[in-house]
Amino acid sequence: MNLYELINEIAAISSNDLQLSDNRYKKILEYREAYYKSLFNTINKLIEGSFDKRELKKIIYLFSERLERALIVSLYRRYLWLDPTDTITYHNFIALLDRNDQKILLDYVNKNNFDSALMVVEEIFNKIFLSSPALIPPIKMRSLADIAWELCQLDMGTIADIATMRKTSAYNMRYDYLSEQIKLRIADPNISMLELREFFTSNTSLGIVLDCGIGLTIAKRYFNASPTDHEMYGYFFTFLHFWHLTEEEQTLLQYVAVNDFDNALKFINALKI
Amino acid sequence: MIIESLIQEYLGIPNKFFDKSSQFDLSKNNRPAAEAKYWYLQNLYSYILDLIKEENNSTTLEYLIKKYEKSLYKEPDLIVHLYKKYLAFEQTNELYYKKFAELIIVYKGTSAGTKAHELYKFVQEHNWKAAADTLKLID
């Protein structure tokens with residue numbers, strides 16, 4: 001199912017609550033809610049990965065009366081990232097906002113200050129999603145792998161898309177923003193090793209190029225916490241190979257092959273770009 | 001009316017499949033949503049069926065048949081239950097008996113279809129006792 005079909009599906013879900021005390025009815029509501037939330041999160045992810053601004057605009061036009069506000073804002077937000085100078089769409093979006101946000105955003109749009117306008121849109125989006133904790137969280141609360149997923153969408157768009165997108169400031173801003181978020185998250189002393197591992201392995205297995213410095217930082221942090229994780233070593237070898245660090249790869253392989261994790265760790269800690 | 005609200009809710013659900021593995025399209029994007037949808041559909045459907053079975057007001061049943069007959073043709077099992085319950089109260093309603101028999105002939109298999117032909121014959125003959133007995137045999 002594509003984005004349009006999924007939106008059509010979620011728009012059809014009833015929001016009626018007959019307020020019955022019957023347990024069977026309560027169960028039905030629970031399933032309906034689970035169905036809705038799960039669909040919502042998938043749709044939001046697809047919106048974030050969409051490069052089809054015509055489709056996004058069509059969906060906004062057709063469904064804006066029938067979708068939850070958070071999804072509408074998400075649709076506008078993505079559309080505006082892709083077409084950050086479309087003043088007509090800005091004005092339609094502004095009409096949905098409360099007076100304070102309206103004033104700020106209108107001011108930027110009227111002055112053609114689209115970079116700042118986009119930042120305001122981003123804040124509005126975060127505000128709405130923060131107030132719905134059950135829904136997919138805004139970027140600062142998302143896992144590294146989720147952020148990387150969006151970055152990957154930017155990288156894996158068709159060549160034609162990228163050629164057009166790279167020319168837009170929105171693309172560059174978004175790319176830089178996501179990269180920055182990843183760096184900040186990795187540097188966070190409270191990040192779980194599981195999250196680091198998930199990020200490293202999902203990126204490597206997807207064939208996404210991790211920045212060499214970022215990759216090494218993650219590996220050092222992770223292996224110091226879990227120096228005997230064979231599977232993770234496998235991913236790390238792929239990473240070293242990609243960056244043409246074949247000598248390092250071979251040396252490390254010798255240590256890991258004989259389960260000499262002390263020396264493996266010393267070697268990893270001494271690695272420099 | 002609770003039963004009507006639930007029927008409306010049920011009719012509004014797009015791409016209804018009662019086989020979990022048939023929620024293919026949704027499963028491709030989102031397995032948990034497909035599972036939750038399946039259980040939501042199942043529970044809602046059986047709840048509606050039970051409410052129909054418990055409904056003792058023939059006017060309500062007739063109203064539901066009239067209002068949702070056409071949309072419920074896509075869900076023959078629901079409309080069949082509505083008719084059966086209604087005819088259990090109105091055992092000499094020739095028009096509804098005939099409509100019911102035609103519905104069964106069109107939408108159901110040969111075995112039920114044969115019984116529906118018999119039912120139609122009994123109704124033509126105004127043999128209400130035999131019609132009521134045959135009605136019970138149509139599942």
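Values below: every heavy atom of this structure, side chains too, minus hydrogens, waters and symmetry copies. Letters A, B, ... mirror the listed sequences (proteins, then strands); counts begin at 1.
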Worked check of side chain to side chain contact (heavy atoms under 4.5 Å, CB included) between R24(A) and S46(B): CA-CA 10 Å; R24(A) 285 179 70 190; S46(B) 64; 3.5 Å; yes
Assess whether side chain to side chain contact (heavy atoms under 4.5 Å, CB included) is satisfied between R32(A) and K37(B), documenting all intermediate values. CA-CA 7 Å; R32(A) 188 175 76 189; K37(B) 183 182 178 185; over 6 Å; no
Validation: residues 56-67 of chain A side-chain donor-acceptor distances under 3.5 Å, sequence neighbours left out:
unit_1	atom_1	unit_2	atom_2	d
K57(A)	NZ	D86(A)	OD2	3.1
S64(A)	OG	I60(A)	O	3.1

Minimal non-hydrogen separation, A12(A) against G12(B), with atom names: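 So the minimum-distance heavy-atom pair works out to CB-O, 3.5 Å.
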Straight-line distance of [X] [atom1] to [Y] [atom2], nearest 0.5 Å:
X	Y	atom1	atom2	answer
S14(A)	Y40(B)	OG	OH	5.5 Å
W39(B)	K27(A)	CH2	NZ	10.5 Å
Y35(A)	I13(B)	OH	CD1	6.5 Å
Q19(A)	I2(B)	CD	CD1	11.5 Å
Y31(A)	Q42(B)	OH	CD	10.0 Å

If you count heavy atoms of other groups shown closer than 6.0 angstrom to CG of L194(A), is the number above 12? no
Around L95(B), counting heavy atoms of other residues, nucleotides and ligands shown, do more than 12 lie under 6.0 Å from its CG? yes
Kindly state each residue pair satisfying salt bridge (charged side-chain N to carboxylate O under 4.0 Å, His left out) with at least one member in residues 115-128 of chain B, sequence neighbours excluded.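 Listed once each, the pairs would be none.
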With only heavy atoms counted, which part of I28(A) is less than 4.5 Å from chain B, the side chain, the backbone, both or neither?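 Contact with chain B is through both the backbone and side chain of I28(A).
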Counting only heavy atoms closer than 4.5 Å, note whether L20(A) contacts chain B via side chain, backbone, both or neither. side chain
Before you tell me yes or no, could you show the steps for D22(A) and Y47(B) under side-chain hydrogen bond (donor to acceptor under 3.5 Å, both in side chains), namely the whole-Å CA-CA distance, both residues' side-chain angles and the distance that decides it to 0.1 Å? CA-CA 11 Å; D22(A) 186 331; Y47(B) 193 56; 2.8 Å; yes
For L6(B) and L18(A): C-alpha separation, side-chain torsions, deciding distance, then whether side chain to side chain contact (heavy atoms under 4.5 Å, CB included) applies. CA-CA 9 Å; L6(B) 293 174; L18(A) 302 174; 3.9 Å; yes
